[in-house]
Amino acid sequence: MKIGELAKRSGLSAHTIRYYERIGLLPHADRDQSGQRDYDASILIWIEFLDRLKTTGMPIREMLRYAALRERGVDTEAERSALLEQHRERVRTHVAELQACLLVLDTKIAGYAGKEQRMKDYDASIPQRRRKPAGTRQAGAR
């Protein structure tokens, strides 16, 4: 498939595909007789995996390391597995942090759901503060 079709199917721009190829995240594409890139459809699975790594916050240097190990073949499976296991732990930690944040948001939203009752019980009982008329000075202000 040509780069335009790959861009359309992968959701990446043609510029990003060329960049990923140049830095080594994507293998160099075969070229057709006119010199245009010609990608095999299997590249879509790899791009989807890269997108998952990116979405979960894997730094590009680690993605490049993984891609280089993958390129070297089955002898690097243990290293690739270790790299993914380390990343998985970072993702789990981040998910736990996000869950804690979600709990705070849910609690805050639940507080707004009881707004009318809260106004009756609390807000309405606070006396209105008196404002000083414009042009008056506070003691000690010069």
Side-chain angles (χ1 to χ4, degrees), residues 1-132 134 136-142:
M1 96 183 71
K2 302 296 180 222
I3 196 166
E5 178 68 16
L6 180 59
K8 182 179 175 182
R9 292 179 63 184
S10 69
L12 298 176
S13 68
H15 175 76
T16 300
I17 293 168
R18 286 187 209 97
Y19 171 70
Y20 280 4
E21 189 176 306
R22 187 173 70 247
I23 66 171
L25 275 181
L26 294 179
H28 290 283
D30 293 331
R31 300 286 179 149
D32 65 13
Q33 293 165 338
S34 63
Q36 293 183 336
R37 289 173 171 84
D38 191 17
Y39 294 94
D40 185 84
S42 65
I43 195 78
L44 289 166
I45 296 166
W46 175 240
I47 289 173
E48 183 178 351
F49 181 68
L50 290 174
D51 186 54
R52 300 286 184 182
L53 295 178
K54 181 180 174 187
T55 299
T56 57
M58 180 179 273
I60 199 158
R61 70 182 177 281
E62 287 186 27
M63 292 168 66
L64 286 166
R65 182 171 167 232
Y66 186 90
L69 289 169
R70 177 180 178 257
E71 189 70 25
R72 289 181 19 212
V74 295
D75 291 342
T76 65
E77 285 181 355
E79 290 175 81
R80 286 184 276 161
S81 179
L83 189 133
L84 292 177
E85 287 171 10
Q86 291 168 1
H87 182 63
R88 179 179 60 194
E89 284 309 307
R90 288 191 302 268
V91 170
R92 282 185 175 156
T93 299
H94 189 222
V95 167
E97 291 167 355
L98 289 174
Q99 286 175 327
C101 292
L102 188 58
L103 179 60
V104 170
L105 290 172
D106 287 345
T107 302
K108 190 69 165 174
I109 291 167
Y112 289 125
K115 176 181 164 186
E116 285 75 24
Q117 186 63 41
R118 193 176 71 248
M119 286 180 69
K120 287 180 198 170
D121 296 345
Y122 179 74
D123 293 346
S125 66
I126 298 175
Q128 292 285 336
R129 294 192 177 181
R130 300 178 75 190
R131 292 180 25 180
K132 293 187 177 201
T136 61
R137 299 175 104 183
Q138 293 180 332
R142 298 202 185 250

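Within a 6.0 Å radius of CG in L98, more than 12 heavy atoms belonging to other residues, nucleotides or ligands are found. Around the CD atom of E71, the shell of radius 6.0 Å holds no more than 12 heavy atoms that belong to other residues, nucleotides or ligands. Within a 6.0 Å radius of CZ in R52, no more than 12 heavy atoms belonging to other residues, nucleotides or ligands are found. Surrounding NZ of K2 are more than 12 heavy atoms belonging to other residues, nucleotides or ligands, all under 6.0 Å away.
Listed by chain and residue number, nothing satisfies the salt bridge (charged side-chain N to carboxylate O under 4.0 Å, His left out) test with R18 (two or more places apart in sequence, or in another chain). For the ring pair (Phe, Tyr, Trp, His ring centres under 6.0 Å) test, residues two or more places apart in sequence or in another chain that qualify with F49 are W46, Y66.
Rounding to the nearest 0.5 Å gives a distance of 5.0 Å between CG of L25 and CE of M63. Interatomic distance, R72 CZ to R80 CZ, rounded to the nearest 0.5 Å: 9.5 Å. Rounding to the nearest 0.5 Å places CG of D75 at 11.0 Å from CG of L69. Between I45 atom CD1 and S10 atom OG the span is 13.0 Å, to the nearest 0.5 Å. Between M58 atom CE and L84 atom CG the span is 5.5 Å, to the nearest 0.5 Å. In this structure, E21 CD and I3 CD1 are separated by 7.0 Å, a value rounded to the nearest 0.5 Å.
Counting only heavy atoms from C-beta outward, the side chains of I17 and Y39 approach each other to under 4.5 Å. Residues D40 and D30 form no side-chain contact, since every pair of their non-hydrogen atoms from C-beta on lies 4.5 Å or further apart. Inter-residue side-chain proximity for Q99 and V95 is flagged as met; some heavy-atom pair is nearer than 4.5 Å. For the pair R65/R61, no side-chain contact is recorded, criterion being any heavy-atom separation below 4.5 Å from C-beta on. Residues E62 and Q86 have side chains not in contact (no heavy-atom distance under 4.5 Å, counting atoms from C-beta outward). Side-chain contact between D51 and L12 is absent, with no heavy-atom pair separated by less than 4.5 Å.
The shortest heavy-atom contact between L53 and T56 is O-OG1, 3.0 Å. Taking every heavy atom of both residues into account, A7 and S13 meet most closely at CB-C, 4.1 Å. In terms of heavy atoms, I43 sits closest to L6 at CG2-CD1, 3.5 Å. The two atoms that bring D38 and D32 nearest to each other are CB-N, 4.4 Å, heavy atoms only.
E85 and S81 are linked by a side-chain donor-acceptor pair at a separation below 3.5 angstrom, with hydrogens and angles left out of the test.
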